[in-house]
Amino acid sequence: MAEWLDDFLFTYENLIHALGIHGLLALSMYCVMALGQLSLGQAAFMGLGAYTGALLTLKLGLPFWLVLPISALVPALVALVIGGPTLRLNGVYLAISTIALGEVLRVLYINAESLTGGALGLSGIPQKASLWLVYGLLAVCVAGFWAVGRSRIGRAMEAMREDEMAAGVMGVNLPLYKLGALIASAMLAGLAGSLAAHSNSFIGPNEYGFEAAVTILSFALLGGIGTPIAPVVGAFVLTALPEVLRPLADFRLVFNGLIIVLAVLFLPRGIVPFRLRRAP
């Protein structure tokens with residue numbers, strides 16, 4: 001049994017790492033969608049965390065226990081700076097503005113060749129993101145969001161998602177909640193980016209563009225946002241699906257997209273439609 005498990009982990013190590021990291025990215029999307037906001041900046045924040053973590057490790061040789069929190073802090077500071085102007089927007093306008101952030105950063109990564117490796121990216125990053133660390137952080141984050149969702153803050157977030165104007169009239173501090181959600185989302189995405197960099201040993205500027213942003217959004221669309229577990233389930237399904245459909249060769253992407261479309265049409269609340277029960 002032990003030998004079989006070792007062989008399984010060796011064969012699918014990258015996939016198992018990706019499941020946990022994508023679960024964290026799904027939670028970063030849950031942060032903003034739980035308030036009814038549509039942000040597509042998670043890929044940009046992920047890139048910031050990945051490059052920050054990689055540079056701190058490769059250039060400065062900092063220990064990984066210090067690299068991780070700094071990788072989460074840098075995207076959080078950027079979110080704090082851009083939060084004021086962007087959070088005045090709603091809906092598709094907010095999504096477009098956050099996509100623009102990702103494109104600006106992508107161009108910056110390509111042109112700062114001496115620092116970021118340019119279009120070739122950075123390679124040789126030490127593999128320091130263990131499975132225990134990735135899934136331990138994922139479990140802590142799910143538990144934390146579950147506790148928040150059952151609290152007064154969770155009730156305010158749900159009120160904003162259902163009717164933002166009515167929530168504001170009832171005394172919910174809309175700008176504070178929006179900014180807090182954006183910062184928390186940026187921290188989680190940055191953390192996931194640093195873990196991915198120290199898992200794959202390579203990062204490149206094209207990994208954090210529009211395609212990555214839509215992929216992260218699809219985690220929440222498929223899983224749902226009724227509970228913190230729902231988007232994580234969506235991330236697990238969409239991450240594992242290409243591997244399951246590998247025998248279909250090029251047609252697997254067609255089936256992948258078809259499953260997402262069917263889920264959106266027939267399961268508008270996601271494949272995990274349940275909602276948190278609020279604490280009395």
Side-chain angles (χ1 to χ4, degrees), residues 12 15-40 42-43 45-46 72 129-162 177 180-193 195-196 199 212-244 256 259-280:
Y12 294 103
L15 176 61
I16 297 172
H17 269 96
L19 289 171
I21 292 169
H22 288 177
L24 289 170
L25 289 172
L27 286 177
S28 75
M29 180 58 73
Y30 171 81
C31 284
V32 290
M33 292 192 71
L35 275 71
Q37 299 293 302
L38 180 59
S39 169
L40 293 178
Q42 281 67 29
F45 296 133
M46 181 187 181
S130 66
L131 288 176
W132 290 107
L133 177 61
V134 172
Y135 284 91
L137 289 173
L138 179 60
V140 169
C141 291
V142 169
F145 278 117
W146 194 281
V148 169
R150 287 173 51 84
S151 68
R152 179 183 177 186
I153 296 175
R155 290 193 291 270
M157 293 169 65
E158 185 172 7
M160 290 178 63
R161 184 171 71 244
E162 296 299 329
Y177 275 87
L182 184 65
I183 292 174
S185 175
M187 291 181 69
L188 276 175
L191 186 65
L195 289 170
S199 172
V214 174
T215 299
I216 297 171
L217 174 63
S218 67
F219 295 158
L221 290 178
L222 180 64
I225 56 171
T227 70
I229 295 177
V232 175
V233 172
F236 282 9
V237 171
L238 290 181
T239 304
L241 196 59
E243 189 66 32
V244 174
N256 195 343
I259 289 173
I260 296 175
V261 171
L262 291 175
V264 171
L265 289 177
F266 299 105
L267 298 170
R269 291 188 177 182
I271 59 177
V272 185
F274 309 108
R275 291 193 173 189
L276 281 175
R277 290 186 177 180
R278 306 299 173 189

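Numbering of residues begins at 1 and proceeds along the displayed sequence.
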For A220 and P231, work out which heavy atoms get closest and say how close.
-> CA-CB, 4.1 Å
So how far is it from M157 CE to C31 SG, rounded to the nearest 0.5 Å?
-> 7.0 Å
What distance do L24 atom CG and Q42 atom CD have between them, rounded to the nearest 0.5 Å?
-> 13.0 Å
For the atom pair OH (Y30) and OG1 (T227), what is the distance rounded to the nearest 0.5 Å?
-> 6.5 Å
Looking only at heavy atoms, what is the nearest atom pair of L182 and S39, with distance?
-> CD1-OG, 4.4 Å
Closest approach of G20 and F236, non-hydrogen atoms and distance?
-> N-CE1, 4.3 Å
Nearest heavy atoms of I216 and A43, plus distance in Å | CD1-N, 3.9 Å
Taking the side chain as every heavy atom from C-beta outward, state whether L138 and L27 have any pair of such atoms under 4.5 Å apart.
-> yes
OH on Y135 to CG on L19, rounded to 0.5 Å | 4.5 Å
So CD1 of I271 and CG of L222: to nearest 0.5 Å the spacing works out to 4.5 Å
Which pair of non-hydrogen atoms, one from T239 and one from A18, has the smallest distance, and what is that distance?
-> CG2-CB, 4.0 Å
Determine whether T215 and L238 make a side-chain contact, defined as any pair of heavy atoms from C-beta on separated by less than 4.5 Å.
-> no
S199 side chain vs L195 backbone, donor-acceptor pair below 3.5 Å = no
Any F219 side-chain heavy atom under 4.5 Å of M29 side chain = no
Enter the distance from I225:CD1 to R161:CZ here, rounded to the nearest 0.5 Å.
-> 4.5 Å
L188 and C141 have their tightest heavy-atom pair at CD2-SG, 3.5 Å
